[in-house]
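To find a chain, count down the sequence lines: A is the first, B the second, and so on, and within it residues start at 1. Note that the structure is a prediction, hence the values are computed from the model and not measured. Both backbone and side-chain heavy atoms feed into the values below; hydrogens, waters and symmetry mates do not.
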Number of protein chains: 2
Amino acid sequence: MNRIARTTKDLGHVLREARKIQNLTQADLAARAGIWQRTVSNIETSASGAKIDTIFDLLAALDLELHIVPRSKMSPGDLEDIF
Amino acid sequence: MNRIARTTKDLGHVLREARKIQNLTQADLAARAGIWQRTVSNIETSASGAKIDTIFDLLAALDLELHIVPRSKMSPGDLEDIF
DNA sequence: TGTCAATATCCGCTGTAGATCATAAAACAT
DNA sequence: ATGTTTTATGATCTACAGCGGATATTGACA
């Protein structure tokens, strides 16, 4: 997967998608990331207000990373899926 | 610029670099992002604990976006600079 | 070297994320 | 339709980010 995130909503959605692709439950991911299932649910539903540390914990648990790039005209989801 | 961020420290550093490349002061960027110069300073110095909404505000003000990609073996800074 | 601009840091306040644990509601498998 | 699993949400508590404004310190510039 290679997904664009410009808003907290995009980010929550991308994280849920990545988790599902890896066949994990919210509890599975929470355990890997060292946070509570409730926190995973909150972030996937609406990452708004979440702490960046928690986001990085989730990314690490999903074996993902952030690339910061100049804004493009693409819409989220346009990039090639490569999960 | 195309920078990898795997930690909050990477992210703070990338944001500072991007701001300098665009010849902006912390006050300039703060005004564009609708936050305080103090908050910009805090995040650039140590983004740990920052709120994701604030990060997105800064990215938007710098005309940047996040790509979430599978973790690679590269180290931050390895990608081509294209600012 | 002196001045000014930029950045880091100070204080107090408010709102809330995440931890914690549990459970209701929704989704899924049969 | 039923049982199980998964996800969303409830309550309470603590820690602290960001706001608001100011200023000390550091760095850049003339």
With rounding to the nearest 0.5 angstrom, report the CG to CG distance, A:Leu58 to A:Leu64.
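So the CG of A:Leu58 and the CG of A:Leu64 are separated by 10.0 Å.
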
Atom OG in A:Ser48, atom CG in A:Asn42: separation rounded to 0.5 Å?
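Separation between the atoms: 11.0 Å.
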
Which part of the nucleic acid, if any, lies within reach of B:Gln37 when heavy atoms closer than 4.0 Å are counted: base, sugar-phosphate only, or nothing?
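Result for B:Gln37 = base.
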
So A:Ser41, base contact, sugar-phosphate only, or nothing? Heavy-atom distance under 4.0 Å.
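Counting heavy atoms under 4.0 Å across all strands, the contact made by A:Ser41 includes a base.
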
Ignoring hydrogens and geometry beyond distance, is a side-chain donor-acceptor pair present between A:Asp28 and A:Thr25 at under 3.5 Å?
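A:Thr25 and A:Asp28 do have a side-chain donor-acceptor pair below 3.5 Å.
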
Round to the nearest Å and state the distance from [X] atom [atom1] to [N] atom [atom2].
{"X": "B:Phe56", "N": "D:dA17", "atom1": "CZ", "atom2": "P", "answer": "19 Å"}
{"X": "A:Trp36", "N": "D:dT9", "atom1": "CH2", "atom2": "P", "answer": "19 Å"}
{"X": "B:Asp57", "N": "D:dA17", "atom1": "CG", "atom2": "C1'", "answer": "13 Å"}
{"X": "A:Asp53", "N": "D:dA15", "atom1": "CG", "atom2": "P", "answer": "17 Å"}
{"X": "A:Gln22", "N": "D:dT6", "atom1": "CD", "atom2": "P", "answer": "16 Å"}
{"X": "B:Glu44", "N": "D:dG18", "atom1": "CD", "atom2": "C1'", "answer": "16 Å"}

Should we say atom CZ of A:Arg16 is surrounded by more than 12 heavy atoms from elsewhere, each under 6.0 Å from it?
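Buried by this count: over 12 neighbours within 6.0 Å.
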
Looking at [X] and [Y], would you say the former's side chain and the latter's main chain have a donor-acceptor pair under 3.5 Å?
{"X": "A:Gln22", "Y": "A:Leu62", "value": "yes"}
{"X": "B:Thr45", "Y": "B:Ser41", "value": "yes"}
{"X": "A:Arg19", "Y": "A:Leu24", "value": "yes"}

Smallest separation among heavy atoms of B:Glu44 and B:Leu29, with atom names:
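It is OE2-CD2, 4.4 Å.
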
Side-chain N or O of [X] less than 4.0 angstrom from OP1 or OP2 on [N]?
{"X": "A:Arg38", "N": "D:dT12", "value": "no"}
{"X": "B:Thr39", "N": "D:dC19", "value": "yes"}
{"X": "B:Thr54", "N": "D:dG18", "value": "yes"}

Taking 5' to 3' order, which nucleotide of DNA chain C is first and which is last to have an atom within less than 4.0 Å of a heavy atom in chain B?
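First and last nucleotides in contact are C:dA6 to C:dC11.
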
Nearest heavy atom decides the nucleotide; on that basis, is B:Asn42 or B:Lys51 closer to the 5' end of DNA chain C?
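It is B:Asn42, whose closest nucleotide lies nearer the 5' terminus.
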
Can you find a pair of side-chain heavy atoms, one from A:Thr8 and one from B:Phe56, that are under 4.5 Å apart?
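Yes; the side chains approach each other to less than 4.5 Å.
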
Please encode protein proximity along nucleotides 25-30 of chain D as a string of B, S and -, counting only heavy-atom distances under 4.0 Å.
------

